[in-house]
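Being a predicted model, the structure only gives us computed values, none of them experimental.
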Amino acid sequence: SAVISQKPSRDICQRGTSLTIQCQVDSQVTMMFWYRQQPGQSLTLIATANQGSEATYESGFVIDKFPISRPNLTFSTLTVSNMSPEDSSIYLCSVERGDRETQYFGPGTRLLVL
Amino acid sequence: SQQGEEDPQALSIQEGENATMNCSYKTSINNLQWYRQNSGRGLVHLILIRSNEREKHSGRLRVTLDTSKKSSSLLITASRAADTASYFCATEETSGSRLTFGEGTQLTVNP
């Protein structure tokens, strides 16, 4: 498995502001992923964070709204920009390890936008 | 079209009973995975079954996969109150590493 931490664990933000979420892994990984889980919903993939290249975004998600950094093989950030109440969600990072099949998830960041 | 639909959406059982959750998907997959989530926290990986496997066991968990019907089931035997959580299936499509999650089943095990 992998030990994954996220900061902050939760935050309450005002609309129009931005929040950067950090994801730290205990060892080097190739693939890191960012997901959003809206209240009472399942997980939706936002983007795949690749080290040394731009993130790959899923349909419906754009870099201007969700810029991602991946400066090294153990760390990534996701910024939620110009937030609105609709951005209130849990944001989770995940990584692939070992067999490159299983994804391991961080504890999530619970965001509430007022 | 939605990948990874699950039923039931909610399931309430008594401790000691078995719980069965089903997942259907639409595309070709490399594998199907089941995860558990407690109260909106991070997901815990439970079990992975590859497309060439039909059944897999892990402790009290039994997973089946029927690629002809594009469906999977998760059976939890002798359930405990601590099994109360949301359970999600996720499929890895043959096109790449991305996982597509089902809508989840909320399982409540009453003591």
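Contact annotation for A:Glu58: only side-chain heavy atoms (C-beta onward) come within less than 4.5 Å of a heavy atom of chain B.
In this structure a side-chain-to-backbone donor-acceptor pair under 3.5 Å is missing from A:Ser42 to B:Gly104.
Considering only heavy atoms from C-beta on, B:Leu43 comes within 4.5 Å of A:Leu92 through its side chain. When side chains are defined from C-beta on, A:Tyr35 counts as touching B:Leu99, because their heavy atoms get closer than 4.5 Å. At a threshold of 4.5 Å between non-hydrogen side-chain atoms, the residues B:Glu92 and A:Gln103 do not count as touching. Taking the side chain as every heavy atom from C-beta outward, B:Phe88 and A:Gln37 approach each other to under 4.5 Å.
Tracing side-chain contacts under 4.5 Å through hydrophobic residues (I, L, V, M, F, W, Y), one reaches B:Leu46 starting from B:Val63; they form part of the same cluster. Residue A:Ile46 is not grouped with residue A:Tyr104 when hydrophobic side chains (ILVMFWY) are merged at heavy-atom distances under 4.5 angstrom, including chains of intermediate members. In the hydrophobic clustering of this structure, A:Phe33 groups with B:Tyr35; members are Ile, Leu, Val, Met, Phe, Trp, Tyr whose side-chain heavy atoms approach within less than 4.5 Å, directly or through other members.
A:Leu43 contributes atom CG, which lies 10.0 Å from atom CD of B:Glu103 (distance to the nearest 0.5 angstrom). The OG1 atom of A:Thr102 sits 10.5 Å away from atom CD1 of B:Ile47, with the distance rounded to the nearest 0.5 Å.
The local environment of CD in B:Glu53 is crowded, with over 12 non-hydrogen atoms from other residues, nucleotides or ligands closer than 6.0 Å. Atom CZ of B:Arg54 is surrounded by more than 12 heavy atoms from other residues, nucleotides or ligands within 6.0 Å. At most 12 non-hydrogen atoms from other residues, nucleotides or ligands lie less than 6.0 angstrom from CD of A:Glu54.
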